[in-house]
Student: 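Structure in structure tokens, see below.
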Protein chains: 4
Amino acid sequence: MNHIEQQNIQVGEIANGLPLSIPVYRLKGDGSGKSVYIQANMHGAEVQGNAVIYQLLEQLKMLDLRGDITLVPYANPIGCNQKSGEFTLGRFDPITGVNWNRLYHFNTELVSEFAERSSNLSDEQLRHEFKAALEAEVDTRLNGPAHKLATGKRIALNLQKLAHQADIVLDLHTGPISAKHLYAPEYARDSARYFDIEHVLLIPNEFDGAMDEAAFCPWWQLQEQLAQQGRDFAVPVEAYTVELGSQERIDLDDALEDANSILSYLNYQGVFKDAHYTPKVMQRHACYLKDYVAYYAPMGGMVQYKAKLGEHVKAGDTIAHILRMERYLSEEPLHPVKFNQDAIAILHFASASVNQGTELYKFFTNTFDL
Amino acid sequence: MNHIEQQNIQVGEIANGLPLSIPVYRLKGDGSGKSVYIQANMHGAEVQGNAVIYQLLEQLKMLDLRGDITLVPYANPIGCNQKSGEFTLGRFDPITGVNWNRLYHFNTELVSEFAERSSNLSDEQLRHEFKAALEAEVDTRLNGPAHKLATGKRIALNLQKLAHQADIVLDLHTGPISAKHLYAPEYARDSARYFDIEHVLLIPNEFDGAMDEAAFCPWWQLQEQLAQQGRDFAVPVEAYTVELGSQERIDLDDALEDANSILSYLNYQGVFKDAHYTPKVMQRHACYLKDYVAYYAPMGGMVQYKAKLGEHVKAGDTIAHILRMERYLSEEPLHPVKFNQDAIAILHFASASVNQGTELYKFFTNTFDL
Amino acid sequence: MNHIEQQNIQVGEIANGLPLSIPVYRLKGDGSGKSVYIQANMHGAEVQGNAVIYQLLEQLKMLDLRGDITLVPYANPIGCNQKSGEFTLGRFDPITGVNWNRLYHFNTELVSEFAERSSNLSDEQLRHEFKAALEAEVDTRLNGPAHKLATGKRIALNLQKLAHQADIVLDLHTGPISAKHLYAPEYARDSARYFDIEHVLLIPNEFDGAMDEAAFCPWWQLQEQLAQQGRDFAVPVEAYTVELGSQERIDLDDALEDANSILSYLNYQGVFKDAHYTPKVMQRHACYLKDYVAYYAPMGGMVQYKAKLGEHVKAGDTIAHILRMERYLSEEPLHPVKFNQDAIAILHFASASVNQGTELYKFFTNTFDL
Amino acid sequence: MNHIEQQNIQVGEIANGLPLSIPVYRLKGDGSGKSVYIQANMHGAEVQGNAVIYQLLEQLKMLDLRGDITLVPYANPIGCNQKSGEFTLGRFDPITGVNWNRLYHFNTELVSEFAERSSNLSDEQLRHEFKAALEAEVDTRLNGPAHKLATGKRIALNLQKLAHQADIVLDLHTGPISAKHLYAPEYARDSARYFDIEHVLLIPNEFDGAMDEAAFCPWWQLQEQLAQQGRDFAVPVEAYTVELGSQERIDLDDALEDANSILSYLNYQGVFKDAHYTPKVMQRHACYLKDYVAYYAPMGGMVQYKAKLGEHVKAGDTIAHILRMERYLSEEPLHPVKFNQDAIAILHFASASVNQGTELYKFFTNTFDL
């Protein structure tokens with residue numbers, strides 16, 4: 001059985017002076033395979049990833065590992081303990097409103113400078129040195145004056161440092177009420193087939209502060225800049241945001257399925273010796289990020305969600321009913337809400353009460369088979 | 001078709017000076033039957049009652065009514081618009097923490113005084129005058145100096161005034177994640193069988209600030225005091241808290257079932273002429289309030305709820321698993337949680353994340369057939 | 001210099017499984033004087049008490065102590081770390097809305113039973129055994145099944161256990177925006193003069209769940225029951241809620257003054273040998289709890305508070321202006337708000353934005369010199 | 001006396017179906033001067049601007065106006081009514097965390113297209129048509145499908161439409177605890193001297209979603225693009241964010257001073273005939289946005305703020321003390337916090353309780369006389 005090591009790293013301090021720490025679990029491979037970093041629960045209510053890490057650990061300790069594996073449950077010790085009523089208010093910093101998953105760091109200039117001065121490096125050297133440069137970039141900030149780091153930035157940088165050490169990065173999230181789906185960088189669309197996830201969002205090479213982007217954008221931009229120099233360099237890193245379903249629940253059976261899906265992908269990546277994990281046969285629907293459409297509530301009211309998650313809706317289908325009992329006599333109290341495009345319903349809002357303009361649904365449109 | 005009248009009553013003002021109002025719908029009966037008051041959504045996240053009022057109105061407008069019927073959806077205009085993340089934070093005043101459903105008024109001395117000076121009244125007169133006295137008591141407060149009324153008290157008193165005018169009062173609530181259940185005063189246990197609700201909580205003659213208690217406690221105490229005088233007086237008012245299931249959702253089909261359940265009870269009370277509503281045949285489980293047990297999380301962690309709502313659990317059954325990934329190596333990470341009594345699981349917490357001491361489940365114990 | 005011992009006691013666990021602990025500082029006396037328990041910051045935003053404990057420790061370590069002294073800053077590790085925007089939302093449990101300072105325990109039956117069976121005890125024995133009984137009562141609950149204790153109850157009981165071991169209990173709080181004031185039990189009005197606090201609220205023998213009441217009500221009720229038996233027994237315990245001024249601020253100079261005020265009281269109680277602390281000469285204004293009047297905002301709007309805290313207002317004085325810019329044209333936009341009683345303004349709401357019914361001010365009325 | 005017209009415009013609907021509206025006050029000039037748009041309270045806790053609008057209206061109704069003036073208090077009906085404890089949680093949407101003042105609209109392509117096709121227009125025509133184009137751009141979105149507009153976007157666009165109609169735009173804000181300061185676009189630094197505000201932040205031509213930027217960036221970029229064509233075109237619009245001091249308070253005397261400051265600026269801009277408003281003589285300190293430094297709490301704890309707002313601190317001065325009572329024995333409990341640059345303290349956090357990384361202070365550095 002593989003040895004699992006636990007390290008608790010401190011990522012901040014709260015007002016009564018107590019340290020905020022996160023548990024980091026590590027398994028060593030024999031060094032012949034890619035290394036892996038998996039984190040969960042960066043958003044407080046999105047807890048199912050912790051159960052997936054549990055199910056992963058239960059199996060990883062029995063496997064023959066080529067690559068090192070690092071797993072971080074409870075990645076955000078503020079977010080996962082922030083309650084407001086029964087709800088875990090952990091999507092944004094309660095003080096500033098900033099989304100915890102928009103605080104990772106990316107310095108484009110680092111890529112340009114590196115691309116310029118690295119023409120004499122082999123691919124192997126280049127991978128090694130660029131990885132070191134990314135880590136150093138994060139370290140400089142973490143080790144700089146404490147008064148330059150905002151709370152969420154310090155948490156993000158500590159996690160990003162772990163992520164930059166890996167070749168494969170998985171950030172486990174959930175939607176509010178949601179079908180499973182995967183954010184995959186466009187260059188990794190082939191690999192995305194090895195997850196047991198029906199809905200795949202293909203995202204471009206643009207940095208918006210999220211963990212997956214922080215892990216792959218530097219490498220992808222490096223590849224593009226080297227291509228401009230005429231050099232063919234394969235992006236050696238893959239990073240995904242894995243959306244496991246709905247928030248505010250854990251389910252260990254479902255977590256086992258998600259763990260197997262991840263193990264299938266890792267097996268394909270050669271992380272294990274003699275492992276049996278293979279992807280399920282399923283139709284996989286892909287959609288470009290630009291075609292991922294938010295549908296906002298056209299009026300305030302109480303919503304009955306009609307379009308089932310994962311369901312293919314036809315243009316003109318009723319996707320929800322909005323009940324408005326304030327105007328029972330003066331208008332039709334039950335409003336059908338329609339969407340004028342063929343689409344797959346991916347997620348909807350977690351509550352029946354919506355303001356005009358609340359994000360009601362998100363849809364894949366212009367989908368195609370992956 | 002019956003005429004429905006809408007009146008908007010002002011129950012407060014918010015910080016930008018805009019009025020807070022609630023819609024009141026009224027249907028007139030021929031005066032030969034009991035009058036009815038039904039409200040919904042006093043707690044912000046508990047929205048299904050609005051859908052039930054919709055389904056009630058759709059049918060009531062077609063029925064031959066003996067008694068007047070008053071219906072109030074969105075009873076709490078602050079609570080039902082108080083968002084915190086996706087959640088509706090409407091169980092308590094966000095400023096003070098006070099539960100919106102603990103602010104109704106009851107003056108015990110009024111009962112004693114009335115009982116003393118009413119010995120020469122007929123039952124009919126007594127019902128009439130005591131009802132007037134209860135209304136006057138509320139009016140005195142509502143019409144007193146504005147600076148003596150806290151925000152929630154003003155809302156509660158406005159609703160209570162409407163409730164005191166009726167013979168039957170239904171306050172529509174939901175649990176967090178919950179089976180349907182009914183709070184019935186012990187004296188009305190026979191009537192409780194006319195609702196299509198399997199789980200009935202029998203509550204004693206103690207005032208804790210809730211609407212149902214505010215409606216029946218004065219009458220029940222009057223009955224008890226008259227009994228001490230040797231007079232046999234039947235409590236002429238019935239009041240219930242109807243728990244419709246889970247919060248943060250509306251479902252119109254389910255609301256139709258709940259509307260029919262309420263119409264069955266009202267039909268039994270003689271509110272309609274020639275109506276066909278009858279209760280469903282079902283086993284009804286009763287429990288005294290003292291045997292309604294809260295089970296608090298024995299440790300902090302992430303919960304998978306195992307006991308299904310409405311399910312009969314046996315002493316020693318595992319009701320939940322608590323996952324603690326902080327201590328994967330140092331303790332068993334998955335803790336079974338057991339309850340040592342035979343019980344029916346009625347509701348559980350809405351989130352998977354719990355602190356030690358969070359109310360995990362509520363159980364009926366020592367149940368008996370109603 | 002006296003030895004200070006630190007013990008961290010665990011009072012709960014949060015959702016990621018980490019323990020909640022509070023620091024307890026102890027100094028030993030020579031056993032010849034009363035023992036003292038002082039806690040601060042039970043309400044999250046009320047932080048000045050921590051600074052007072054700092055200033056107390058700085059002096060206590062230099063003093064010659066007769067009695068043992070226990071000091072607990074950060075008494076509520078959930079409350080003092082609960083942020084919502086810039087504000088510390090720590091007055092009530094964010095999940096349930098329950099005021100953290102209404103969760104202490106009091107079993108009246110324990111008093112009755114004890115009074116009955118203790119007639120043959122000397123005063124000394126009685127004090128000793130009743131103290132032991134109060135501690136045992138708390139221990140039984142703390143050591144009972146974990147699933148019977150709600151989060152806030154567990155915190156409260158842990159603190160109450162420490163408090164029951166002492167003869168003098170001080171619970172350091174603040175108002176929202178507030179003048180300094182003291183909650184003193186009516187029987188201790190003479191002692192209240194030894195604090196440097198101008199405004200003293202005299203409270204009756206009624207338990208409402210607060211720490212001070214939990215500390216003195218059992219003893220006061222015991223005294224009353226023994227008096228009914230014809231026995232004259234002096235209440236041997238004093239407990240106070242010390243309101244240090246406004247929340248959300250610390251000021252170390254002010255904290256030194258408050259520390260000196262407390263040391264003056266403790267010196268009067270004989271806790272020190274050869275100490276020089278004496279109360280300041282000042283006029284002290286007292287008021288019975290029944291005359292402590294809440295003044296609610298008579299309308300929604302933006303408030304400019306005019307009555308200064310600690311100020312004596314005359315009946316009919318303007319205590320605030322409420323600006324309502326929604327109705328600049330249709331009504332006088334600037335409303336003077338008046339109070340029709342002579343009073344001392346003790347505290348006001350922390351924000352300029354008020355709903356109709358928000359608690360605007362609290363006033364001492366019918367005041368008299370202490 | 002000038003006629004003041006009130007219009008209430010609907011900017012959304014809340015969950016119970018009630019409309020969200022904002023009051024718009026308008027005064028007509030004789031058409032010979034610049035038109036003015038002033039709004040307040042976009043962030044819920046920043047209420048002082050409403051009092052300034054009150055003081056402006058009181059004077060504007062007496063003045064001889066050249067330009068039209070539009071004033072909007074309570075610009076954000078969600079934000080200014082969102083309470084969490086005593087605090088107004090109105091800086092960001094409670095559902096999404098998005099800062100309400102980062103949602104204004106700017107389409108850079110509109111500027112490029114317009115610059116290209118407008119070479120044959122006179123300056124007068126150009127101003128007229130570009131203004132129309134900006135309004136049309138907003139209208140297109142407001143009148144498009146309701147399901148494409150998020151809640152905050154709808155509010156922002158409604159306000160932006162009013163702003164685009166004016167030549168001068170003032171967005172009245174406050175800091176948390178703050179000295180008065182002004183955000184001025186770099187091109188308007190001369191005009192900034194006509195406000196009675198000592199601290200002026202000069203901001204570049206970069207759009208980050210705020211109202212002031214939404215008002216001036218299109219015009220400034222147009223100017224730059226026309227300059228590239230060799231055409232000299234003066235930016236005809238000025239827009240400022242006016243930071244009035246601290247949040248959660250109104251003060252009518254102070255508001256009168258701020259109103260006079262604004263009237264002084266407007267008088268300089270020729271908005272009035274024969275008015276006497278002139279700026280106060282004062283030293284004005286300017287700072288570029290890049291030199292506006294956030295200082296984050298280097299550790300968690302309780303803060304006593306030492307650097308006074310508006311105060312010039314020297315490199316190495318102690319700006320705060322952080323008290324950490326958790327570690328009274330194991331480390332120095334009172335930590336001095338120093339800043340290593342000469343600076344002016346502009347604002348600090350509103351609470352004494354800070355996490356490591358909470359924004360403690362903001363400083364002007366590298367300041368110069370304006």
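Because only heavy atoms are used, hydrogens play no part in the values below, and waters and symmetry mates are left out as well, while side chains stay in. Each chain gets a letter, A, B and so on, in the order its sequence line appears, and its residues count up from 1. Computed from a predicted structure; not experimentally measured.
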Student: The criterion is side-chain hydrogen bond (donor to acceptor under 3.5 Å, both in side chains); which residues satisfy it with A/Tyr328, sequence neighbours excluded?
Tutor: B/Glu58, B/Lys61
Student: Do you know which of B/Leu334, B/Ile22, B/Asn355 has the most heavy-atom pairs with chain A at a distance under 4.5 angstrom?
Tutor: B/Leu334
Student: Quick check on the structure: residues of residues 86-94 of chain B within a heavy-atom distance below 4.5 Å of chain A, by number.
Tutor: B/Glu86, B/Phe87, B/Thr88, B/Leu89
Student: Report yes if the side chains of B/Ile4 and A/Leu329 come closer than 4.5 Å at any heavy-atom pair, otherwise no.
Tutor: yes
Student: Going from CG on B/Leu323 to CG on A/Asn50, what distance comes out if it is rounded to the nearest 0.5 angstrom?
Tutor: 7.0 Å
Student: Identify which part of A/Tyr25 has an atom lying under 4.5 Å from any heavy atom of chain B, answering side chain, backbone, both or neither.
Tutor: side chain
Student: Mind listing the closest non-hydrogen atom pair of B/Ser353 and A/Gly44 along with its distance?
Tutor: OG-O, 4.4 Å
Student: Answer with side chain, backbone, both or neither: which region of A/Gln247 has an atom nearer than 4.5 Å to a non-hydrogen atom of chain B?
Tutor: side chain
Student: Could you check whether any side-chain N or O of A/Tyr74 sits under 3.5 Å from a backbone N or O of B/Met325, counting only pairs where one atom can act as donor and the other as acceptor?
Tutor: yes
Student: Under 3.5 Å, is there a donor-acceptor pair linking the side chains of B/Thr358 and A/Lys83?
Tutor: no
Student: I'd like to check A/His321 versus B/Ile250 (side-chain heavy atoms, cut-off strictly below 4.5 Å). Are they in contact?
Tutor: no
Student: Is it the side chain or the backbone of A/Pro333 that comes within 4.5 Å of chain B heavy atoms, both, or neither?
Tutor: side chain
Student: With chain A as the partner, which of B/Cys80, B/Gly300, B/Pro23, B/Ala45 has the greatest number of non-hydrogen pairs under 4.5 Å?
Tutor: B/Pro23
Student: Among A/Val303, A/Asn81, A/Ile53, which residue forms the greatest number of heavy-atom pairs with chain B at distances under 4.5 Å?
Tutor: A/Val303
Student: Rounded to the nearest 0.5 Å, how far does CD of A/Gln6 lie from CD of B/Glu326?
Tutor: 6.0 Å
Student: Out of curiosity, B/Met302 CE to A/Arg249 CZ, how far, rounded to the nearest 0.5 Å?
Tutor: 14.0 Å
Student: Checking A/Ala40 against chain B: side chain, backbone, both or neither under 4.5 Å from a heavy atom?
Tutor: neither
